[in-house]
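Please read the structure below before turning to the comments.
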2 protein chains.
Amino acid sequence: MSRDDTQTERPAKGATIHEIAKAAGVSIASVSRALNGKPGISEALREHILQISRDIHYQPSAAARALIGGKAAVVGISLGRQDIELRPYYILLYQHLTLALYRQGMVPIFFACDQTPTLPERAGSAILLSDFPGDERPGFLASRRIPFVRIGPPGEGFSVAPDDRHGIYLATRHLIEGGRRRIAFIGDELGDDRHRLQGYQQALAEAGLPESLIGVPFSYDPALTAYRYLGRFLQPGPPLDGLVCENDEFARGCLTALEDRGIRVPEQVAVTGFDDLPTLAAQLTTVRQDIGRLAVEAVGLLGEAIAGARPRHIDLPVTLIRRQTG
Amino acid sequence: MSRDDTQTERPAKGATIHEIAKAAGVSIASVSRALNGKPGISEALREHILQISRDIHYQPSAAARALIGGKAAVVGISLGRQDIELRPYYILLYQHLTLALYRQGMVPIFFACDQTPTLPERAGSAILLSDFPGDERPGFLASRRIPFVRIGPPGEGFSVAPDDRHGIYLATRHLIEGGRRRIAFIGDELGDDRHRLQGYQQALAEAGLPESLIGVPFSYDPALTAYRYLGRFLQPGPPLDGLVCENDEFARGCLTALEDRGIRVPEQVAVTGFDDLPTLAAQLTTVRQDIGRLAVEAVGLLGEAIAGARPRHIDLPVTLIRRQTG
DNA sequence: TCTCTCATGGTAAACGTTTACTTTGTCCCT
DNA sequence: AGGGACAAAGTAAACGTTTACCATGAGAGA
């Protein structure tokens with residue numbers, strides 16, 4: 001949770017199922033059926049009700065649902081690769097998702113990636129985190145007809161993601177405009193961040209500069225890994241003057257490695273991160289993404305998925321935050 | 001969430017206010033009044049009702065309370081020190097707490113340490129994580145008459161914690177029994193883990209061995225910090241044959257540092273951790289604590305605190321897990 | 001044309017509390 | 001002794017859903 005987040009512990013009072021019913025001129029039972037994608041209602045009426053509920057910003061009451069004990073309110077959150085599912089970025093995302101779901105009257109339960117096959121037993125819908133190439137979860141959920149939303153790049157079904165590629169492009173461009181000419185990219189070629197590498201490549205190509213990739217595998221301790229990988233790279237002296245890191249943790253590891261070698265930042269080497277995590281990015285020039293918004297959009301899409309709307313992707317804007325390191 | 005956790009997405013159905021009423025031969029209104037310390041009921045009857053509710057292990061449904069409109073169902077989780085609140089251990093704890101609370105029909109919302117003064121506006125009770133010496137939160141909450149539970153060492157009010165001291169004692173004893181004689185402790189003297197140092201000291205004292213403390217401050221990247229601190233310590237060659245680490249992350253950093261210097265584990269140096277985090281402790285000899293149980297006990301105590309029972313502390317058992325590193 | 005069947009939509013109960021309102025009964029004052 | 005005041009306890013409504021069950025009407029088979 002960002003520290004200045006205005007938390008609402010209950011859905012704002014207002015719009016109930018009864019008001020939708022009144023506005024639509026139907027009974028509350030029909031509204032409930034429409035909202036939960038239950039059968040026994042005509043497609044036309046469902047659409048009509050959905051539209052009204054959108055118009056009046058209807059928010060289901062978590063308390064009422066919990067009281068009943070229905071399973072519609074349970075959302076499985078399927079974590080991604082086991083090695084990175086506890087990174088600060090995901091933690092923040094879990095928290096925001098929890099809050100966003102609660103505001104919609106839903107309850108999250110967490111599933112490790114390899115536990116996901118058991119998800120349908122417990123949850124009525126799902127949010128998939130950090131999908132990766134070859135990820136079997138979307139297919140699995142689709143085959144079980146479980147409504148779900150991916151947090152990741154456009155593809156089949158519902159999805160939402162920050163504009164990774166553009167974010168890194170911005171950071172790289174920023175370094176280039178600052179006069180840097182030997183810019184390396186620190187990142188993992190695999191995983192759900194593969195679009196970030198493309199942003200780096202695009203910016204360099206446009207400027208006619210050579211690429212230099214330092215592949216750092218994700219792990220439980222990204223900062224330490226980056227520290228060691230960069231350390232090896234720096235052996236012969238600094239062959240570079242700019243470092244575009246795929247996330248803030250890599251950037252922190254790089255900063256520490258540079259500091260331990262007496263290399264001045266940003267005079268000798270400029271460093272940028274990605275995410276703008278509150279606890280990590282203190283002085284870091286980085287690309288900010290709005291995790292709170294990401295969570296809200298994901299939950300919104302989930303509502304659409306449950307109601308059976310047409311799949312779509314939402315791309316979230318990112319902004320370059322200039323601080324001391326570049 | 002541990003991967004084999006049997007999750008229940010709904011609160012277990014249990015005794016309700018109606019059953020108490022029937023057992024006591026009174027109306028539910030009287031039961032409610034007794035339970036909430038409201039006036040309009042005789043002291044004798046109140047006592048009687050309280051006794052019965054205790055006997056049948058009554059747990060109020062926070063969902064129902066939330067429906068009515070109170071904030072009784074909202075539990076503020078006050079995070080600890082800002083620099084460590086995103087560590088994997090706490091993440092796991094958040095997740096388990098969230099689940100345990102849902103099972104009681106309660107909803108957690110998160111407060112950063114410095115946000116905690118605003119907690120009473122939103123939540124009816126609280127769980128305090130990682131209290132530290134000089135922590136003002138318990139006093140603050142007590143003065144506002146907010147029921148709360150600390151996750152930490154015994155003291156005033158309700159609290160629950162794993163037996164930190166004994167766990168480290170076990171690990172240290174294990175190394176001593178394995179023939180190690182120059183055993184260092186890697187940890188932060190501050191924070192809520194200060195009891196772990198004591199366990200180390202006790203074991204060494206009993207064996208008549210000298211202490212050697214490597215102070216490593218907590219931070220967003222414990223593994224990297226440990227790596228660097230241990231690195232300095234190792235300069236003149238390995239002056240030690242055992243490393244007792246205060247947590248698994250420190251241990252991982254130490255293992256990496258040793259590996260980078262070609263020091264063999266466990267032949268030359270044995271290493272132990274603490275927590276047994278699923279993603280970190282693969283081959284690590286470590287002390288396991290049951291985070292799921294910790295969360296459940298914390299929520300149970302919170303129920304007692306709300307009902308106005310007598311404060312108590314719960315000490316949770318820990319076990320030594322022997323793997324390859326020691 | 002009369003029923004039988006379905007699809008559709010409505011009615012109302014249930015979930016577990018809190019609380020405003022009502023009833024009962026006791027005690028005291030005149 | 002009659003009535004007013006007050007404490008103690010009960011009754012029932014309300015919170016916002018979900019869902020089992022019932023009602024309606026249209027189309028179809030006879």
Side-chain angles (χ1 to χ4, degrees), chain A residues 9-22 24-49 53 56-74 102-107 124 303 306, chain B residues 9-49 53 56-74 102-107 124 303 306-307:
Chain A
E9 64 280 3
R10 299 177 43 200
K13 74 168 21 166
T16 75
I17 211 176
H18 291 91
E19 277 138 57
I20 301 180
K22 196 182 298 177
V26 299
S27 75
I28 58 167
S30 296
V31 176
S32 177
R33 280 190 277 257
L35 256 23
N36 295 303
K38 298 260 169 172
I41 191 177
S42 69
E43 218 30 64
L45 182 52
R46 180 185 306 265
E47 262 316 313
H48 183 207
I49 289 173
S53 80
I56 66 179
H57 297 111
Y58 165 72
Q59 306 234 325
S61 154
R65 281 182 166 167
L67 229 207
I68 294 300
K71 48 258 168 207
V74 179
Y102 178 63
R103 285 177 175 164
Q104 297 297 331
M106 308 182 125
V107 172
I306 291 171
Chain B
E9 62 280 0
R10 299 175 43 194
K13 77 169 8 166
T16 76
I17 209 176
H18 291 92
E19 277 139 58
I20 301 179
K22 195 182 297 178
V26 299
S27 75
I28 58 167
S30 296
V31 176
S32 178
R33 280 189 279 259
L35 254 24
N36 297 303
K38 299 259 170 174
I41 192 177
S42 68
E43 218 29 66
L45 183 53
R46 179 187 307 267
E47 262 318 312
H48 183 207
I49 289 174
S53 81
I56 65 179
H57 297 111
Y58 167 72
Q59 288 270 7
S61 155
R65 284 178 167 171
L67 229 206
I68 295 300
K71 58 188 175 188
V74 179
Y102 279 139
R103 285 177 174 164
Q104 298 295 333
M106 306 183 130
V107 175
I306 291 171

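Naming: A, B, ... by sequence-line order, numbering from 1 per chain. Small disclaimer: the values here were computed from a predicted structure and weren't measured. These values consider heavy atoms only, across backbone and side chains, with no hydrogens, waters or symmetry-generated copies.
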Please name the pair of heavy atoms, one in [X] and one in [Y], separated by the smallest distance, quoted to 0.1 Å.
X	Y	result
Ala21(A)	Ser27(A)	CB-C, 3.8 Å
Tyr58(B)	Ile17(B)	CE1-N, 3.7 Å
Arg33(B)	Arg46(B)	O-NH1, 3.5 Å

Would you mind telling me which of [options] lies closest to the side-chain atoms of [X]?
X	options	result
Ser27(B)	dT17(C), dC21(D), dT11(D)	dT11(D)
Ile41(A)	dA9(D), dT17(D), dG9(C)	dG9(C)
Ser42(B)	dA9(D), dT8(C), dG16(C)	dA9(D)
Ser30(B)	dG10(D), dT18(C), dG10(C)	dG10(D)
Val26(B)	dG10(D), dT18(D), dG9(C)	dG10(D)
Asn36(A)	dT17(D), dT18(D), dT17(C)	dT18(D)

Could you give the [atom1]-to-[atom2] distance, from [X] to [N], as a whole number of Å?
X	N	atom1	atom2	result
Glu47(A)	dT8(C)	CD	P	15 Å
Arg33(B)	dT22(C)	CZ	C1'	11 Å
Leu45(A)	dA7(C)	CG	P	17 Å
His48(A)	dG9(C)	NE2	C1'	15 Å
His18(B)	dT11(D)	NE2	P	12 Å
Ile17(A)	dT18(D)	CD1	C1'	8 Å
Ile49(B)	dG10(D)	CD1	C1'	12 Å
Glu19(B)	dG16(C)	CD	C1'	11 Å

Does a side-chain N or O from Lys38(A) land closer than 4.0 Å to OP1 or OP2 of dT19(D), or not?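 Yes, within the criterion.
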Determine: side-chain N/O of Thr16(A) to OP1/OP2 of dC15(D), distance under 4.0 Å, yes or no. no
Closer to the 5' end of DNA chain C via nearest nucleotide, is it Ala29(A) or Glu43(A)?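 The 5'-side residue here is Glu43(A).
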Check every strand shown and say whether Ser32(A) touches a base, only sugar-phosphate, or nothing at a heavy-atom separation below 4.0 Å.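 Base, at least one base heavy atom under 4.0 Å.
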Which part of the nucleic acid does Ile28(B) contact within heavy-atom distance under 4.0 Å: base, sugar-phosphate only, or nothing? base
Please evaluate residues Lys22(A) and Glu19(A) with respect to the criterion salt bridge (charged side-chain N to carboxylate O under 4.0 Å, His left out), reporting the C-alpha separation (whole Å), side-chain torsions for both, the decisive distance (0.1 Å), and the verdict. CA-CA 5 Å; Lys22(A) 196 182 298 177; Glu19(A) 277 138 57; over 6 Å; no
Can you tell me which residue among Ile41(A), Asn36(A), Ile20(A), Thr16(A) is in a side-chain contact (heavy atoms from CB on, under 4.5 Å) with Val31(A)?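 The option that passes is Ile20(A).
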